[in-house]
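Contents: one structure, followed by commentary.
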Amino acid sequence: MTDTTSAGTTNAGTTDAGTGHTDATRATAVGTAAAAVFEELYGHAPEGVWAAPGRVNLIGEHTDYNDGFVLPIAIPQAVRAHARRRTDGVLRLASTRVPGEVVELDVAALEPGGVPGWAAYPAAVVWALRSAGHEVGGADVLLDSDVPGGAGLSSSAALECAVATAYDGLYGLGLGAAELALLAQRAENEFVGVPCGIMDQMASMVCRSGAALHLDARDLSVRHVPLDLAGAGLTLLVLDTRVQHDLADGAYAALRAGCERAAALLGLPALRDLSVDGLPGALGRLPADLVPLVRHVVTENDRVERAVAELERRGPAALGPILTEGHASLRDDFRTSCPETDLAAATAVAAGALGARMTGGGFGGSVIALVETERAAAVAEAVTGAFAAAGYAEPQVYRAVPSPGARRES
Ligand code: ADP
Ligand code: MG
């Protein structure tokens with residue numbers, strides 16, 4: 001147990017278990033392999049490679065679709081889109097994660113719901129661009145990713161943003177990052193059918209290295225808040241519980257609908273317009289089933305604002321208690337946690353983490369734990385041990401450092 005855990009922790013963001021590759025050498029090795037796969041599949045070289053990262057959200061869960069605030073960072077793991085324009089209106093899609101499959105589509109015939117499986121995500125972006133009036137045609141695309149899928153790290157937004165950025169570059173559209181993020185969100189909402197908010201796509205497009213992104217989901221205004229974890233002697237662990245969520249299964253949509261119903265009953269444009277001070281009065285006017293939802297959203301928005309203030313005033317360690325408070329709210333009020341995420345968060349805190357919470361849409365996925373770097377291995381080991389004792393799958397452990405958003409790589 002000790003061996004596995006410490007290997008997992010050392011592995012996290014620094015070396016690749018089993019190969020001993022550093023992240024940088026692994027990225028090169030993976031990139032080179034993908035370039036060869038592209039040539040083999042399509043018979044020519046790509047025109048370029050565009051990358052867009054996954055994210056972890058520090059605080060502000062289920063607030064974006066309530067017009068509220070979020071505070072994500074981009075992670076080093078990214079989706080890379082190797083791409084080349086085609087002049088015949090054909091979109092060919094492949095992914096190194098789905099070896100041997102090339103999905104061929106006619107861009108003019110793309111329709112919401114019309115593309116099954118993983119190819120819906122990249123096809124959706126091309127559809128969204130064309131629906132918005134951008135004159136884009138076909139392409140040969142190969143996706144290559146080290147963002148784990150379904151782990152709450154937003155591989156779907158990373159994929160969409162990589163394709164959106166690639167198309168922007170290939171077709172010289174010159175669209176802004178926020179515009180591409182909105183198109184990617186529309187792609188996921190309307191074409192794939194997942195009613196996600198705007199956080200994931202904005203984080204993937206806009207985040208900067210060394211900073212958290214304070215985003216106002218109502219007007220998309222952003223502030224890059226410096227976050228020097230290493231300088232503060234801290235590590236942000238990502239504990240992937242390996243419990244796969246399925247946000248398309250209706251639970252997320254039901255929560256979102258509940259929030260919108262509550263805002264309507266209160267006569268507000270969105271729950272963002274309710275303050276913590278106004279909460280007690282408002283809760284008395286709501287049916288019992290909506291009370292905990294509203295309490296979570298309103299206190300969570302407040303936690304984002306407090307987190308930014310604390311970060312700027314006292315530094316990253318001050319985020320700890322706010323993370324733990326946020327987890328309790330997701331567990332007890334919003335009810336999007338599950339036994340595995342609860343165990344990971346509680347064990348991390350008991351083992352000395354400054355704070356821990358589930359991150360992402362919920363029903364599984366990943367937990368983040370803010371720890372003093374010298375305690376990181378012990379905390380990861382405690383969580384791995386607790387999972388083994390509970391009979392759960394071994395969690396995957398990463399270290400998250402605030403990384404840059406979408407960019408052209410070559
Ligand atoms: P999350 O965004 O939290 O990772 P989602 O369920 O929203 O989880 O998105 C995961 C889906 O995105 C996968 O089921 C798959 O369809 C698609 N996907 C993500 N990464 C890749 C990839 N590298 N290649 C192909 N499809 C991918
Ligand atoms: Mg997703």
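Every number for a ligand or one of its atoms is a count from 1 in the order of the listing. Remember, predicted model here, so these are calculated numbers, not experimental data.
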Counting heavy atoms under 4.0 Å, the part of Ser155 that contacts ligand 1 is both
If we number the atoms of ligand 1 from 1 as shown, the ones under 4.0 Å from a heavy atom of Gly149 are 4 (O)
Mind checking whether Ser154 has a heavy atom under 4.0 Å from ligand 1? yes
Quiz item: So, are Asp273 and Arg218 salt-bridged, with charged N and O less than 4.0 Å apart?
Solution: yes
Honestly, for Leu143 the part within reach of ligand 1 (heavy atoms, under 4.0 Å) is neither
Which of Asp64, Asp216, Asn301 passes side chain to side chain donor-acceptor pair (under 3.5 Å) with Arg272? It is Asp216
For the pair Tyr65 and Tyr252, name the ring-plane relationship: parallel under 30°, tilted 30 to 60°, perpendicular over 60°. perpendicular
For Gly152, the ligand 1 atoms with a heavy-atom partner under 4.0 Å come out as 3 (O)
(request) Indicate whether any N or O donor in one side chain lies under 3.5 Å from an N or O acceptor in the other, for Asn57 and Thr359. (result) no
Practice item. May I ask you to check whether His134 and Tyr171 place their ring centers less than 6.0 Å from one another? Key: no
* Asked: With no hydrogens and no angle check, do the side chains of His296 and Glu61 hold a donor and an acceptor under 3.5 Å apart?
  -> no
For Ser145, the atoms of ligand 1 under 4.0 Å from one of its heavy atoms are 23 (N)
Under 4.0 Å from one or more heavy atoms of Ser95, ligand 1 contributes atoms 22 (C), 23 (N), 24 (N), 25 (C)
The atoms of ligand 1 lying under 4.0 Å from a heavy atom of Leu159, numbered in the order shown, are 18 (N), 19 (C), 20 (N), 21 (C), 26 (N), 27 (C)
Note to self: So does Val125 get a backbone contact from the side chain of Glu160, meaning a donor-acceptor N/O pair under 3.5 Å?
What the structure shows: no
Min heavy-atom dist Val79 to ligand 1 below 4.0 Å: no
So, Ser156 and the Mg ion (ligand 2): N/O/S under 2.8 Å, yes or no?
yes
> Can you find an N or O of Gly150 that's nearer than 3.5 Å to an N or O of ligand 1?
Replying inline: yes
**Asked** Do the side-chain N and O atoms of Ser403 and Ser209 include a donor-acceptor pair separated by under 3.5 angstrom?
**Response** no
